[in-house]
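By convention in this document, chain letters (A, B, ...) are assigned in the order of the sequence lines, proteins followed by strands, and residues within each chain are numbered from 1.
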There are 2 protein chains.
Amino acid sequence: MTEEPSKLPRLTLARQIRDSLVGRIVSGQVRPGERLVETRLAATYGTSQAPVREALRELEAMRLVETQPRRGTFVRPFIQETLRESYVVRAALEESATRLALLAGTVPVEAMRAEVEAMRAAAQAGDSEASARASVSFHRHIVEAAHNELLKLTWEGLQIEARTSVTMVATEVDLHDIVRDHAELLAAIEGGDLETACRQARDHQWHYADLPHDAHGRMRDSATG
Amino acid sequence: MTEEPSKLPRLTLARQIRDSLVGRIVSGQVRPGERLVETRLAATYGTSQAPVREALRELEAMRLVETQPRRGTFVRPFIQETLRESYVVRAALEESATRLALLAGTVPVEAMRAEVEAMRAAAQAGDSEASARASVSFHRHIVEAAHNELLKLTWEGLQIEARTSVTMVATEVDLHDIVRDHAELLAAIEGGDLETACRQARDHQWHYADLPHDAHGRMRDSATG
DNA sequence: CGATAATCAATTATCGATAATCAGTGAGGA
DNA sequence: TCCTCACTGATTATCGATAATTGATTATCG
């Protein structure tokens with residue numbers, strides 16, 4: 001589900017700051033090892049220290065920064081490596097999700113087909129962000145179909161896109177290839193052979209692990225008030 | 001909270017509160033679904049709202065509570081379901097870890113053999129705690145051998161599920177069976193066939209998911225965390 | 001000269017107060 | 001009667017200010 005721009009319940013300040021920082025970190029605007037000073041950030045965003053602090057705590061939970069009590073919080077080194085590692089972990093989770101969903105016969109084939117179509121449309125429009133969004137939805141369908149709440153929680157925890165408004169987009173990838181990859185994966189899932197589908201689900205993720213990525217997404221600057 | 005005579009605020013207030021709350025939650029002093037009101041907690045601990053809030057954020061990261069923005073935070077109702085679910089997630093991670101470790105040739109066979117022996121000794125002594133510890137170590141070896149920091153972090157994050165909802169040890173499980181299971185798994189890993197080993201790693205965990213568990217959901221004493 | 005203590009500036013951790021928002025309740029109107 | 005909506009009490013989100021701690025710098029002394 002995408003967020004409705006209409007009646008935006010005006011997200012919490014901390015959330016906005018968090019998303020902004022996520023974007024800045026994964027896009028490399030703030031360097032690994034760099035210190036994030038609460039008071040300075042507060043000044044930058046035009047807020048008080050509290051929401052900034054809260055945002056930093058969430059970043060820590062996302063493993064984007066690490067905090068040493070009373071000493072400050074720093075952008076973790078090796079963010080890019082972690083991003084790459086996350087594909088492997090996601091692969092593990094999604095392979096299992098695929099297995100569970102197939103065994104339970106709960107794969108939402110129609111919905112997934114629709115996402116593939118969305119990807120196709122995005123590819124033709126050259127809209128890489130839309131493609132990425134559709135991809136996330138595609139994979140989320142599988143994870144949800146497994147009907148394992150903890151699995152889903154764990155998966156979401158790895159998915160920066162799932163938790164923020166930031167989108168990671170693989171650069172140098174033909175959007176049409178993405179469509180094809182997902183179509184093939186879906187075909188394997190529909191094909192009915194459990195092991196083949198699972199392997200495909202895994203390989204699908206592993207494949208992307210080595211590609212370079214870019215961050216996109218709106219990150220509002222200072223607050224309105 | 002009681003003022004410790006030692007003048008050293010060894011830890012941050014937020015940390016102390018967090019730890020206290022963890023204890024109360026896993027010990028069942030606060031019920032699943034129960035609401036945790038920041039102001040009330042602050043009063044209880046004799047602090048202001050800030051450190052409580054921060055503690056709650058960390059609990060959220062631990063999946064012990066869930067927060068709905070502007071509505072409050074509630075103790076996550078982790079029924080027995082969560083424990084069972086955790087086995088599946090663990091299976092996913094460990095299967096992948098096995099694959100990675102085998103591909104990299106980094107499996108610490110000796111250390112794992114030692115853990116199996118520890119289990120054997122524990123079995124003969126009827127010490128289920130020791131058996132459980134050895135088992136965790138055994139599996140941790142594999143996860144670490146994968147050399148994927150995120151995978152390890154994710155895996156470690158699962159331990160809390162095991163610790164919290166149930167006394168971990170399935171009822172009616174013969175400690176000698178545990179020894180045998182692990183020995184077989186290790187043999188498969190040493191055997192060299194990738195897919196066999198991976199499948200075994202997965203089944204090993206899935207197996208436990210199907211066992212009946214003691215559901216009293218309480219640890220004997222939450223202290224000495 | 002080198003080590004230690006005293007001092008200082010920067011920053012985090014915490015506080016107490018206030019604004020914003022939510023859930024519940026009862027009055028008024030179709 | 002049922003529904004809408006303003007009102008109220010409770011609670012979260014945010015603020016601005018202060019206490020406490022850190023790391024660096026300088027002064028002191030052997």
Side-chain angles (χ1 to χ4, degrees), chain A residues 3-4 6-22 25 30-31 33-61 64-76 163-165 219-225, chain B residues 1-22 30-31 33-61 64-76:
Chain A
E3 52 211 60
E4 318 294 348
S6 56
K7 174 59 196 303
L8 261 186
R10 207 175 56 159
L11 286 169
T12 260
L13 262 184
R15 283 280 150 94
Q16 297 176 239
I17 295 173
R18 180 199 67 182
D19 286 1
S20 168
L21 286 176
V22 169
I25 291 173
V30 293
R31 300 257 155 213
E34 192 170 326
R35 180 174 189 177
L36 297 177
V37 178
E38 298 178 1
T39 48
R40 190 176 353 270
L41 288 174
T44 303
Y45 288 108
T47 72
S48 75
Q49 205 183 330
V52 170
R53 220 177 140 70
E54 201 167 319
L56 289 179
R57 275 292 119 79
E58 294 200 46
L59 291 196
E60 195 180 13
L64 288 177
V65 305
E66 63 187 329
T67 297
Q68 301 171 305
R70 299 209 144 88
R71 294 197 180 157
T73 97
F74 304 79
V75 177
R76 284 210 153 164
R163 301 174 55 164
T164 72
S165 63
M219 337 153 181
R220 40 207 117 210
D221 289 65
S222 55
T224 51
Chain B
M1 138 164 308
T2 54
E3 305 279 354
E4 290 306 308
S6 61
K7 61 187 186 301
L8 292 181
R10 195 161 298 284
L11 286 172
T12 250
L13 260 185
R15 282 290 150 88
Q16 297 175 242
I17 294 173
R18 180 198 67 181
D19 291 346
S20 167
L21 285 176
V22 169
V30 293
R31 302 256 153 212
E34 192 171 324
R35 180 173 190 178
L36 296 176
V37 178
E38 297 178 1
T39 48
R40 191 176 354 270
L41 288 174
T44 303
Y45 287 109
T47 72
S48 76
Q49 205 183 331
V52 170
R53 220 178 139 69
E54 201 168 318
L56 289 179
R57 272 292 124 79
E58 295 199 45
L59 291 195
E60 194 181 13
L64 286 177
V65 304
E66 63 186 329
T67 298
Q68 300 171 303
R70 300 207 143 90
R71 293 200 179 154
T73 97
F74 303 80
V75 177
R76 199 181 273 285

Go through the structure and list residues passing salt bridge (Lys or Arg N to Asp or Glu O under 4.0 Å) with [X], not counting sequence neighbours.
X       : result
A:Arg53 : A:Glu38, B:Glu54
B:Glu34 : none
B:Glu60 : B:Arg57
A:Arg35 : none

#### Entry: Selection from C:dG16, D:dT14, D:dA13 that lies nearest to any side-chain heavy atom of A:Ala14
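The closest nucleotide is D:dT14.
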
Can you check nucleotides 6-11 of chain D for protein contacts, nitrogen or oxygen pairs under 3.5 Å, and list what you find?
unit_1: D:dT11; atom_1: O3'; unit_2: B:Arg35; atom_2: NH2; d: 3.1

Flag the pair [X] / [Y] as yes when at least one side-chain heavy-atom distance between them is below 4.5 Å, and no otherwise.
X       : Y       : result
B:Leu56 : B:Leu36 : yes
B:Pro51 : B:Tyr45 : no
B:Arg70 : A:Thr12 : yes
A:Val75 : A:Leu64 : no

### Query
Side-chain N or O of A:Arg70 less than 4.0 angstrom from OP1 or OP2 on C:dT11?
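Indeed not, no polar side-chain atom of A:Arg70 lies that close.
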
In whole angstrom, what separates [X]'s [atom1] from [N]'s [atom2]?
X       : N      : atom1 : atom2 : value
B:Tyr45 : C:dA13 : OH    : P     : 19 Å
B:Leu41 : C:dC15 : CG    : P     : 14 Å
B:Glu60 : D:dT12 : CD    : P     : 13 Å
B:Gln49 : C:dT18 : CD    : P     : 14 Å
A:Arg15 : D:dT12 : CZ    : C1'   : 13 Å
A:Leu13 : C:dT21 : CG    : P     : 10 Å
B:Arg53 : D:dC15 : CZ    : P     : 11 Å
A:Gln68 : C:dA10 : CD    : P     : 21 Å

### Separation between OG1 of A:Thr73 and CD of A:Gln68, rounded to the nearest 0.5 Å
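Answer for the OG1-CD pair, A:Thr73 versus A:Gln68, is 9.5 Å.
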
### Task
Please tell me which of A:Pro69 and A:Ser48 maps to the more 5' nucleotide of DNA chain D, matching each residue to the nucleotide holding its nearest heavy atom.
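Its nearest nucleotide lies further toward 5', so the answer is A:Ser48.
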
#### Entry: All stems with DNA chain D, defined as three or more consecutive Watson-Crick or G-U pairs under 3.5 Å
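Looking at DNA chain D, the stems formed by three or more consecutive pairs are C:1-30 with D:1-30.
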
